[in-house]
Amino acid sequence: MKEYKRYTITTALPYANGPIHIGHLAGVYIPADIYVRYLRKMGRDVLFIGGSDEHGVPITIKARQQNISPQDIVDKYHGIIKKSFEDLGISFDVYSRTSLPIHHETASAFFTKLHNEDKLTQMESEQYYDEDAKQFLADRYITGTCPHCGYEKAYGDQCEKCGTSLSANDLIEPRSALSGNIPVKKATSHWFLPLDQYETWLKEWIIEGHKEWKTNVYGQCKSWLDQGLHPRAVTRDLDWGVNVPLPDSDGKVLYVWFDAPIGYISASRDWAQQTGKSWEEYWKSDDSRLIHFIGKDNIVFHCIIFPSMLKAEGSYILPENVPANEFLNLEGDKISTSRNWAVWLHEYLEDFPGKQDVLRYVLTANAPETKDNDFTWKDFQARNNNELAAIFGNFVNRTMVLTHKYFEGKVPVNTLPAELDDILKEIGLLNEKISHSIEHFRFREALAFFMDIARLGNKYLTEKEPWKVFPNDPEAVKGILNNALQITANLAVLSEIFLPETARKLKAMLNMGNTDWSNAGKSILVENHPLNQPQILFEKVEDTDVQKQVEKLEQSKKDNLASAASFEPLKPDVAFDDFAKVDLRVGKILEAEKVAKTKKLMKLSVDLGFEVRTIVSGVSEYFTPEQLIGKKVVVVANLGKRDIKGIESNGMILYAENADGTLLLVSPVDEAMSGGLVK
RNA sequence: GGCGGGGUAGCUCAGGUGGUUAGAGCGACGGAUUCAUAACCCGUAGGUCACGAGUUCAACUCUCGUCCCCGCUACCA
């Protein structure tokens, strides 16, 4: 295996439009922090990078909603995020942000170099433009009727009602979110990264060269590469972001996906500036190992797009591994910022003061390394009470209490060196396993091996029964407790990787200084070394504590239901003449069949009395053909024809929608004539 | 529909290139113990390894098909 002189570790830049939640932690920051702490303990040279991603459309929208500037938004969340990371003890060397001048410079320079070397292509396209606001509209800034579910306030990129992803061109009756005007189409010019040109190289680099990547990561990359890559726009029309450093490009900024990963480099420069050190060797030297910690939603950016950017630029190293995790669910439901279905880090730290390590432990033990996982408060409580407190905390406590009881809190002489050898051998073995697991990004497994050391300690004490031996053979008890203390000291050393706050407390109790990994598996405390008073490492988490958290979540659920049950606002009035233009007819469904190779489409034959029409409708998720055949429905008959998946569809069928988005037939109650007007 | 990932004890997960009684932690149950945060320690029970075929002397592990969950993607007038 290649020898690396230094490590460049990046963590996905959290988007600064909301705080950090447990999903972020379990997927990215805690595993990265464990990895980095491990590397440092091994004496390796590490640069650990984090920062806020502060550009992009959602932030500008949030700012508009609150009538403040985008900078105000990112200042607020960057502050919350940065502080909560510090409080949890994520050991970033630098936590930077993309609104800093140094980032704008870095991203501009990156773009300029690609541009000057003809690595980008320019293309024109038609985009919606707001003539009042005099600017092009991002998809997010266009609202209109969702063509799928009819929701009137769908965004240009996604309908929040039915969850379908859209393009602004799909929207019916598009409106500018800025002025409410009807936007016009206007030509605009943008720069693209021709990803297709990197396809061959990427295949070789990943498919051939990185078979060791996690299966979920490797498979996802293969899927993308097999589907074929297309040029991707690097710039867009927006006024919030890194300005495109070219003449005549007012109102254009770098697309956020392009500037965000460059943020890793900017953060490194930021760090170098603050510390007076050099950043370039971490990014441009072949003996540096670049690793991106991310969630699975980011795989394509870090495995396909960013490497292509780096390759195009030419002077940077490429990621050596991208250990992406899957997602963490919460009490059975997907974590959602907008639905407030989350455990927010800054709130957790307030609700559970001093329990940073409990969260670290639970999220590591239950990390979604190979598949999506579920966080429950019940599990949180069980892990704390049955594992941290009962096994780890309890072993430390019984060792300390016994030592104070029998030997005035001083490390007794080791009268049983042979037993110590056996113990240290076992710990040494576990150390190796921990190392091996961490090197392979298997943090759950590593943590389990770590806990085995505490188990080993409990077992030793129980078997040796020093409290029974003491009256007859105090000399033997000296050896037993010395051994138990050496185990405790080893726990103190190793816990720095997983549970830094606990390590601090433990070392204070043991009155020991800093140690590195080379001490692990050795006898650490010397004879007569004075110990401090024991303190409880892990308090029990009571039923009422978790009860409160569950109630908090239930309240979120109620709030969501309440808002979901609210009625859509009325549309603006229309003239009767406009309404009369719509030709609604009664139709009878004669035939219905699912359109092959689609998820939603149903092909219908509808009898309008005077003719039988083919209509394609996106309702396979709600009806089976049998439920539709023979039913009378209301048809919009004068919409014109449209080609859908190669079928000519002539008309549209109306449905009623329930609060949960399900569709119901709209049908005449009494026997109605096919082809009759609905008016 | 296509592609990728996953479906193993109540829960969370291990199970290189197929090979004797499928493992661990937690939970449950029983025992032992009292130094300790009623904790620790020992033991027991729990699995048709999603389902159905096939290849093989032998499949959780390979092949094919089906179902379910997650993600990406096409489609919704």
Side-chain angles (χ1 to χ4, degrees), chain A residues 145-150 159 162 164-166 170-172 214-227 295-297 299-300 324 326-327 329 334 362 365-376 378-379 382-383 385-406 442 444-445 447-448 451-452 454-455 457-470 477 480-481 484 534 536-540 594-602 615-621 636 639-642 644-647 649-653:
Chain A
T145 303
C146 171
H148 171 237
C149 68
C159 172
C162 62
T164 314
S165 55
L166 303 169
D170 300 335
L171 291 178
I172 303 162
K214 289 175 63 170
T215 49
N216 57 338
V217 176
Y218 186 84
Q220 188 64 234
C221 290
K222 193 167 182 307
S223 175
W224 275 85
L225 290 169
D226 288 347
Q227 280 173 40
K296 69 173 164 184
D297 52 330
I299 290 174
V300 62
E326 301 284 309
F327 285 154
N329 293 321
K334 207 172 288 189
V362 174
N366 198 22
E369 286 180 4
T370 52
K371 63 176 180 192
D372 289 359
N373 246 340
D374 197 27
F375 175 95
T376 64
K378 192 168 164 262
D379 182 60
R383 296 247 185 219
N385 293 356
N386 305 331
E387 297 179 29
L388 281 178
I391 296 169
F392 185 177
N394 187 39
F395 167 66
V396 170
N397 190 244
R398 47 202 302 221
T399 303
M400 293 296 291
V401 167
L402 285 169
T403 307
H404 277 276
K405 186 167 175 179
Y406 296 138
R442 296 201 290 257
R444 274 192 318 223
E445 190 178 76
L447 185 65
M451 288 299 283
D452 281 346
R455 290 197 176 91
N458 274 319
K459 186 169 176 160
Y460 180 72
L461 278 186
T462 303
E463 280 172 1
K464 291 294 160 186
E465 300 182 305
W467 50 91
K468 267 191 188 166
V469 175
F470 190 75
V477 173
I480 295 168
L481 285 183
I536 296 294
L537 285 178
F538 303 101
E539 307 279 354
K540 289 258 155 139
K594 244 194 117 182
V595 179
K597 300 188 177 186
T598 68
K599 189 159 74 178
K600 301 177 181 173
L601 301 185
M602 188 82 81
I615 296 177
V616 176
S617 192
V619 291
S620 290
E621 290 168 301
V636 184
L639 269 177
K641 295 178 181 174
R642 188 186 160 98
I644 299 168
K645 274 279 168 184
I647 301 166
S649 176
N650 187 5
M652 179 171 129
I653 293 177

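Every heavy atom of this structure was used, including side-chain atoms; hydrogens, water molecules and symmetry mates were not. The model shown is predicted, which means the values in this text are computed figures rather than measured ones. Lettering follows sequence order; numbering is per chain, from 1.
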For the [atom1] atoms, the ones on [N] and on [M], what distance do you get once it is rounded to whole angstrom?
N	M	atom1	value
B:G47	B:G65	P	32 Å
B:G54	B:A77	C1'	48 Å
B:G31	B:C69	P	44 Å
B:C57	B:A74	P	48 Å
B:C70	B:G27	P	30 Å
B:A45	B:A38	C1'	24 Å
B:C62	B:U17	P	7 Å
B:U61	B:A53	P	14 Å

Nearest atoms (heavy-atom pairs only) where [X] meets [Y]:
X	Y	value
A:Glu387	A:Met451	O-CE, 3.4 Å
A:Ala484	A:Tyr460	N-CE2, 4.4 Å
A:Ala324	A:Ile299	CB-CG1, 3.7 Å
A:Phe392	A:Leu537	CE2-CD1, 4.3 Å
A:Pro466	A:Val477	O-CG2, 3.6 Å
A:Arg455	A:Ala448	NH1-O, 4.1 Å

Sort out the partner of [N] for me: Watson-Crick or G-U wobble, both distances under 3.5 Å, none otherwise.
N	result
B:C13	B:G23
B:G1	B:U73
B:U33	none
B:G65	B:C51
B:A28	B:U44

[X] side chain N/O closer than 4.0 Å to the phosphate oxygens (OP1, OP2) of [N]?
X	N	result
A:Asn386	B:G27	yes
A:Arg444	B:A14	yes
A:Lys468	B:U33	no

Starting at [atom1] of [X] and ending at [atom2] of [N], how long is that distance when rounded to a whole Å?
X	N	atom1	atom2	answer
A:Met451	B:C40	CE	P	10 Å
A:Ile615	B:A77	CD1	P	10 Å
A:Leu447	B:A24	CG	P	19 Å
A:Phe395	B:U37	CZ	C1'	15 Å
A:Glu465	B:A32	CD	P	14 Å
A:Lys214	B:C70	NZ	P	19 Å
A:Trp467	B:A32	CH2	P	17 Å
A:Glu539	B:A36	CD	P	17 Å

I'd like to check the side-chain contact (heavy atoms from CB on, under 4.5 Å) partners of A:Met652; sequence neighbours left out, ordered by chain and number.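 With neighbours one apart ignored, the set is A:Val636, A:Leu639, A:Leu654.
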Sequence neighbours left out, what passes side-chain contact (heavy atoms from CB on, under 4.5 Å) with A:Asn329? Give chain and number order.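 A:Asn329 satisfies side-chain contact (heavy atoms from CB on, under 4.5 Å) with A:Lys334, A:Asp372, A:Asp374 only.
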Can you pull every protein N or O that's under 3.5 Å from an N or O on nucleotides 4-11 of chain B?
| unit_1 | atom_1 | unit_2 | atom_2 | d |
| --- | --- | --- | --- | --- |
| B:G4 | O2' | A:Gln220 | N | 3.3 |

If each of A:Asp372 and A:Phe392 is mapped to the nucleotide of RNA chain B with the nearest heavy atom, which maps nearer the 5' terminus, i.e. the 5' end?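 Its nucleotide being nearer the 5' end, the pick is A:Phe392.
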Closest-nucleotide 5' rank along RNA chain B - winner of A:Asp297 and A:Asn373: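 Comparing both residues, the 5'-ward one is A:Asn373.
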Select base, sugar-phosphate, or nothing to describe what [X] touches, counting heavy atoms under 4.0 Å on all strands.
X	result
A:Lys378	nothing
A:Gly640	nothing
A:Ala390	sugar-phosphate
A:Leu639	sugar-phosphate
A:Ser617	sugar-phosphate
A:Val616	sugar-phosphate

With no hydrogens and no angle check, is any side-chain donor or acceptor of A:Arg444 less than 3.5 Å from a backbone partner on A:Ala367?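 Yes, because the side chain of A:Arg444 sits within donor-acceptor range (under 3.5 Å) of the backbone of A:Ala367.
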Output a table of donor-acceptor pairs, distance under 3.5 Å, between side-chain atoms of residues 393-401 of chain A and any protein atom two or more places apart or on a different chain; print 'none' if there are none.
| unit_1 | atom_1 | unit_2 | atom_2 | d |
| --- | --- | --- | --- | --- |
| A:Arg398 | NH1 | A:Asn458 | OD1 | 2.9 |
| A:Arg398 | NH2 | A:Thr462 | OG1 | 3.4 |
| A:Thr399 | OG1 | A:Phe395 | O | 2.9 |

Measure the acute angle between the ring planes of A:Tyr406 and A:Phe470, then classify it against the limits of 30° and 60° as parallel, tilted or perpendicular.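 Taking A:Phe470 first and then A:Tyr406, their aromatic rings lie parallel (interplane angle under 30°).
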What is the per-nucleotide protein-contact pattern of nucleotides 59-68 of chain B, from the 5' end, where B denotes a base atom under 4.0 Å from a protein heavy atom, S denotes such proximity for sugar-phosphate atoms only, and - denotes neither? ----------
Minimum-distance nucleotide (side-chain atoms of A:Lys334 versus B:A77, B:U12, B:G71):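 Looking only at side-chain atoms, A:Lys334 lies closest to B:G71.
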A:Glu326 and A:Lys371: CA distance, side-chain angles, deciding distance, salt bridge (Lys or Arg N to Asp or Glu O under 4.0 Å) verdict: CA-CA 5 Å; A:Glu326 301 284 309; A:Lys371 63 176 180 192; over 6 Å; no
Is B:G47 syn or is it anti, if syn means the base angle is within 90 degrees of 0?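 B:G47: anti.
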Measure all distances between protein nitrogen or oxygen atoms and nitrogen or oxygen atoms of nucleotides 41-44 of chain B, and list the pairs falling under 3.5 Å.
| unit_1 | atom_1 | unit_2 | atom_2 | d |
| --- | --- | --- | --- | --- |
| B:C41 | O4' | A:Thr462 | OG1 | 3.4 |
| B:C42 | OP1 | A:Lys459 | NZ | 2.9 |

Heavy-atom distance under 4.5 Å between the side chains of A:Gln220 and A:Tyr218, does that happen here?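 Answer no - side chains too far apart.
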Evaluate the criterion side-chain contact (heavy atoms from CB on, under 4.5 Å) for residue pair A:Ile391 and A:Asn386; output intermediate values, then yes/no. CA-CA 7 Å; A:Ile391 296 169; A:Asn386 305 331; over 6 Å; no
Spatial distance of atom OG1 (A:Thr370) from atom NZ (A:Lys214) [nearest 0.5 Å]: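 Spacing of OG1 (A:Thr370) from NZ (A:Lys214) equals 7.5 Å.
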